[in-house]
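Take a look at the structure below.
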Amino acid sequence: MPMKIGERSFNNRVQQGIDNTFMRDAVSSAQARFQSNKAKAEEQLGHWEQWRELSEEIRAHTLENLDFYLEQLTENVVKNGGHVFFASTGEEANDYVKKIAQDKQAKKVIKAKSMVTEEISMNEAFESVGCEVIESDLGEYILQLDDHDPPSHIVTPALHKNKEQIRETFANLKGYDKTSKPEELAQFAREQLREEFLTADIGVTGCNFAVAESGSVALVTNEGNARLSTTIPKTHIAVMGMERIVPTWEELEVLVTMLCRSAVGQKLTSYVTGLSGPREEGDLDGPEEFHLVIVDNGRSNILGTAFQSALHCIRCAACINVCPVYRHVGGHSYGSIYPGPIGAVLTPLLEGYDDHKDLPYASSLCAACTDACPVKIPLHELLIEHRKVITEQEKMTTLPERFAMKGFGMLASSPALFHMAEQAAPAMMSPFSKDGKIEKGPGPLKNWTNARDFPAPEKETFRKWFKNREEES
């Protein structure tokens, strides 16, 4: 199942993002707000770097012992009366949930927000067996109504839309006749969704973290939709990436603390829900049947490689919220349901380089993402590692580029040749220079010179200037 969204080329997607003035303003405003709130939350917590180090240790320890904790989780889920299914691929996960839907003769599925179900296109799987799928997260609900528009942000999926656009969507498709005030829009969506909760046969959620010691699934949300999705329908299916696991509730507390502050700058999200299997005798509510679907979908191939730390991700989007590239091009430019720096790292790992070889280059390598990450994933280093793999192992660069870089390597490794090139550069570039700038550079320089000021080489090199200064003094 594809993670890719859209069929346009990377350059076309980027250009469309750059041309979308509203989206760029909305993203820039949201980034500033998220960053400010996160900084305040970090200061209030105190000792932020120590918390980051602890979080990194928890994630690293868990991944190093993933087999043990997955086995422990499975045993405890079964003890609690639930069912566990390990899916090697997205197709296997979808086949499993389709069978559940068919066995239950389900007609309606209500979903809470879940990135892994987006990753494997689970909605389409349910629809293929006759189920109506309703997204209950407000942002996802808006996007679903708007012709299944894909999310552009991990935490705030409808970030690229404004309240007037949302009002228009509600008016055209649901008969909404009130204003574009957020409170009225949210109240209308709540009224629409309440009936969907009450008539759903199956509730589907993601899983922020699974707790191995108790066989529990923890959901971290700001809306009550996840609790309704897991309480009212008779069957609850939780879908988790195989890495989204913690040993005990103690580690969960640490990571939830970091997740809430890093995502939107909250001390604690509105709801932290722990679910431990189906309804037991004496319980007033809850599902009659619980299924945990643990999805691999390429994750096991990342274990033991230079990219293993990418699996530490807790989906807080802190890296997205500081990324200057994301600010200018938006989430859809990445062509993946995982945008931003973490998407540029994770998407090629899960789905290969064929459709995503451009993503590791969608970065300034400023390392702001690495500094922002609450679990200390070295994102900019992983992007460089991707580029290395693309160039040296996959050989996906063009032949002229490989020759050019090989030539530059030879030139840069020889002081004599480099000095000769310095001397020759002003004369060689003079046909393309005007008023001290290269306006229409030849070959690969076109992309550098057509959209920005690119200074022409000075006749006096830095070495010569520095030598003259020393002689004068």
Side-chain angles (χ1 to χ4, degrees), residues 1-34 115 118-119 121 123-124 135 139-169 172-173 317 319-348 350-366 368-369 383 386-387 390 396 398 440 444 446-453:
M1 292 293 172
M3 293 168 56
K4 184 179 180 181
I5 54 175
E7 296 300 329
R8 292 171 296 118
S9 70
F10 176 73
N11 288 337
N12 288 339
R13 296 195 306 266
V14 167
Q15 191 58 54
Q16 184 171 0
I18 291 173
D19 293 340
N20 189 337
T21 304
F22 161 74
M23 180 278 298
R24 294 177 65 189
D25 289 343
V27 169
S28 180
S29 174
Q31 281 190 328
R33 184 170 64 254
F34 287 147
M115 291 304 296
E118 292 271 4
E119 176 187 322
S121 302
N123 286 15
E124 288 83 346
E135 294 283 357
E140 293 282 2
Y141 178 66
I142 293 165
L143 296 180
Q144 185 181 40
L145 288 179
D146 196 8
D147 198 26
H148 297 276
D149 192 15
S152 64
H153 190 278
I154 290 175
V155 175
T156 52
L159 180 64
H160 56 289
K161 294 189 176 297
N162 62 22
K163 57 187 180 182
E164 284 73 25
Q165 291 172 320
I166 296 169
R167 186 202 175 281
E168 183 179 354
T169 296
N172 292 340
L173 298 174
C319 61
I320 296 174
N321 296 336
V322 298
C323 180
V325 174
Y326 180 91
R327 180 164 61 248
H328 289 291
V329 304
H332 290 163
S333 296
Y334 292 83
S336 166
I337 58 102
Y338 294 119
I342 185 59
V345 170
L346 194 59
T347 302
L350 296 180
E351 205 171 54
Y353 292 107
D354 288 343
D355 290 328
H356 306 291
K357 62 178 172 39
D358 295 301
L359 294 186
Y361 297 91
S363 171
S364 65
L365 299 181
C366 64
C369 51
L383 290 170
H386 268 310
R387 297 181 187 187
I390 290 169
M396 300 185 80
T398 63
K440 294 183 179 180
K446 286 181 180 178
N447 291 332
W448 286 92
T449 58
N450 291 353
R452 58 174 65 80
D453 292 335

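Note that the numbering runs from 1 along the sequence shown for the chain.
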At what distance, to the nearest 0.5 angstrom, does [atom1] of [X] lie from [atom2] of [Y]?
X: Asp146; Y: Ile166; atom1: CG; atom2: CD1; result: 9.5 Å
X: Asn162; Y: Met23; atom1: CG; atom2: CE; result: 13.0 Å
X: Gln15; Y: Ser9; atom1: CD; atom2: OG; result: 10.5 Å
X: Glu351; Y: Lys4; atom1: CD; atom2: NZ; result: 8.5 Å

**Request:** Using only heavy-atom distances, determine whether the side chains of Asn20 and His160 contain a donor-acceptor pair under 3.5 Å.
**Result:**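 No.
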**Item:** side chain to side chain donor-acceptor pair (under 3.5 Å), paired with Asn123, selected from Glu135, His148, Glu140, Glu118
**Value:**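 That would be Glu135.
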**Item:** Asn321: which of His153, Arg33, Gln31 passes side chain to side chain donor-acceptor pair (under 3.5 Å)
**Value:**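 Among His153, Arg33, Gln31, the one meeting side chain to side chain donor-acceptor pair (under 3.5 Å) with Asn321 is His153.
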Using a 3.5 Å distance criterion without hydrogens, assess whether the side chain of [X] forms a donor-acceptor pair with backbone atoms of [Y].
X: Arg387; Y: Pro360; result: yes
X: Thr347; Y: Gly343; result: yes
X: Ser333; Y: Arg13; result: yes

**Asked** Is there a side chain to side chain contact (heavy atoms under 4.5 Å, CB included) between Tyr334 and Ile5 once you walk through the steps?
**Response** CA-CA 9 Å; Tyr334 292 83; Ile5 54 175; over 6 Å; no
**For the student: nearest non-hydrogen atoms of Leu350 and Glu119, plus distance** = CD1-OE2, 3.9 Å
**Item:** Contact summary for Ser363 and Val325, nearest pair of heavy atoms
**Value:** CA-CG2, 3.8 Å
**Message:** I'd like to check Phe34 versus Val155 (side-chain heavy atoms, cut-off strictly below 4.5 Å). Are they in contact?
**Reply:** no
**Prompt:** Near Glu168 CD, under 6.0 Å, is it more than 12 heavy atoms from other residues, nucleotides or ligands?
**Reply:** no
**Prompt:** Going through the distances and angles, do His328 and Arg24 end up as a side chain to side chain donor-acceptor pair (under 3.5 Å)?
**Reply:** CA-CA 6 Å; His328 289 291; Arg24 294 177 65 189; 2.9 Å; yes
**Message:** Could you work out, with ring-ring contact (aromatic ring centres under 6.0 Å, His included) as the rule, every residue matching His386, not counting sequence neighbours?
**Reply:**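 Phe307, Tyr353.
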